[in-house]
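The first residue of the sequence shown is numbered 1, and numbering continues consecutively from there. No experiment lies behind these values; they were computed from the predicted model shown. We count ligands from 1, going down the list as the structure has it; atoms in each ligand are counted the same way.
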Amino acid sequence: MDIFEKCWNFTQAEEARKAGYYPYFTPIQSQQDTEVVLNGRRIIMIGSNNYLGLTTHPKVKEAAMQALKKFGTSCTGSRFLNGTIELHVQLEERLAQFTGKEAALVFSTGFQTNLGTISALVGRHDTVIIDYDDHASIVDGCQLCFGKTVRFKHNDMDSLRKALESTNPRSGKLVVVDGVFSMEGDIAPLPEIVSICKEFNARLMVDDAHAIGVLGERGNGTASYFGLTEEVDIIMGTFSKSFASLGGFIAAKAQVIDYIKHFSRALIFSASMPPASIAACLASLDIMENEPERRERLWEITRKMHREFRNLGFDIGNTQTPIIPIIIGDDMKVFQFWKRLLEEGVFVNPVRNPAVPVGRALLRTSYMATHTDEQLERVLETFEKVGKELGVI
Ligand SMILES: Cc1ncc(COP(=O)(O)O)c(C=O)c1O
């Protein structure tokens, strides 16, 4: 059989393109901001992870340009060998301080951070226990490791307990959850998770991709939000969201970080974050620490949008954060809704299975501290118009 047989038989994307319902890989012709240019038109962006709006911040851009001038375009190698520059070390020290942990380690993407951490830690006799709604990079990290993987129902503490009961009491155990779930914006109940982990002598890792910059007293994530910084063993984050850059990190006890540094293949066998990306992170961290008003504005917007969407009659699930899903259920209706919003000048992300359970297709909307009231009013008016037109509300 030809290995390409599956490619010849894959026609769904082409059919969707022909029907005008293909939403993926659309090139944006401007910088990522509250409005972007797409096919020559300015439209409002409510489909990014740019929570603090720092991608266009003059200090972040300037820091990236200065690093590019001083250190060049690339590190051309792994952190392990020639690819560590002083900026990586500075960033790790700052992140350890920011998250309240002894040490931190930066990887080239958030995806690699999960792959490289889980596969390094979970050995042949260990078990990794994950929430069904955890991010794909966590699931793939589990597939890459030699240990056993057990999944529990989303945010269901009885199911977590049963999962832990099913493990060999002598095996090492790592529970991994998203702090803020990426599609529906709900928060993991860390106080309960921490106490169950303690009961079963399991370690806890929290993926804070969508929580850093958003939750916690200083934007330092879910553990801090619940006052559980000590109890969460590994805090993971990405730089592709609030940090307005690219890369990822973990923060933990120094000896845990030192072990992962020497056993993580995703770290050792891949080139390090480029200078401009590290400098952008450092500048974003300065802003996160010194401009709490950005986070306050983000929460003001979040509360307003939760309230207004509910008032209009939309189902926004259990969101507690700036990720606001508009749950529609039917795949085709989601694509119709997405297309009409785009025609009316609003960019959102249509989401269907496998990213969400079958029958729970949704429009993922997310907000930035820099959205203006006027932009948000336009978004709400457009949702009301299209929602009524398609019989969703
Ligand atoms: C929860 C979560 N973890 C990890 C990642 C991977 O991060 P990155 O895009 O920086 O590779 C993402 C990004 O989509 C995410 O949403």
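Applying the side-chain hydrogen bond (donor to acceptor under 3.5 Å, both in side chains) test between Gln112 and each of Ser264, Ser270, Ser137 identifies Ser270 as the sole match. If you run side-chain contact (heavy atoms from CB on, under 4.5 Å) between Glu184 and each of Asn318, Leu362, Ile316, Thr319, only Leu362 comes through.
Side chains of Asp140 and Asn114: a donor-acceptor N/O pair is absent below 3.5 angstrom, by distance only. In this model, a donor atom of one side chain and an acceptor atom of the other lie less than 3.5 Å apart for Glu62 and Gln66.
The six-membered or imidazole ring of Tyr51 lies away from that of Tyr367, with a centre-to-centre distance of 6.0 Å or more. For Phe249 and Phe107, the distance between ring centers is not under 6.0 angstrom. For His210 and Phe181, the distance between ring centers is not under 6.0 angstrom. A distance of 6.0 Å or more separates the ring centres of Phe335 and Tyr22.
Numbered from 1 in the order shown, with element, the atoms of ligand 1 that lie under 4.0 Å from a heavy atom of Asp178 read 1 (C). For ligand 1, the atoms lying closer than 4.0 Å to a non-hydrogen atom of His210 are 1 (C), 15 (C), 16 (O). Ligand-side atoms of ligand 1 in range of Ser137: 3 (N), 4 (C), range being under 4.0 angstrom from any heavy atom. The Ala209 neighbourhood of ligand 1 comprises atoms 1 (C), 2 (C), 3 (N), 15 (C), with distances under 4.0 Å to a heavy atom of that residue. Within ligand 1, the atoms closer than 4.0 Å to a non-hydrogen atom of Ser240 are 8 (P), 9 (O), 10 (O), numbered from 1 in the order shown. The contact set between ligand 1 and Ser182, taken as ligand atoms under 4.0 Å from a residue heavy atom, comprises 16 (O).
Summary of contacts: the protein heavy atom closest to atom 1 (C) of ligand 1 is Asp207 OD2, 3.4 Å. Scanning the protein for heavy atoms near atom 7 (O) of ligand 1, the closest one is Thr238 CG2, 3.2 Å. What sits closest to atom 13 (C) of ligand 1 on the protein, heavy atoms only, is Lys241 NZ, 2.8 Å. In terms of protein heavy atoms, atom 5 (C) of ligand 1 is closest to His135 CE1, 3.4 Å.
Side-chain atoms of Ser159 come within 3.5 Å of backbone atoms of Lys153 as a donor-acceptor pair (strictly under, hydrogens ignored).
Relative to atom 11 (O) of ligand 1, the option among Phe111, Phe243, Phe181, Phe239 with the closest non-hydrogen atom is Phe111.
The distance criterion of under 3.5 Å between nitrogen or oxygen atoms is not met by Met236 with respect to ligand 1.
At a heavy-atom distance under 4.0 Å, no atom of Gln112 approaches ligand 1.
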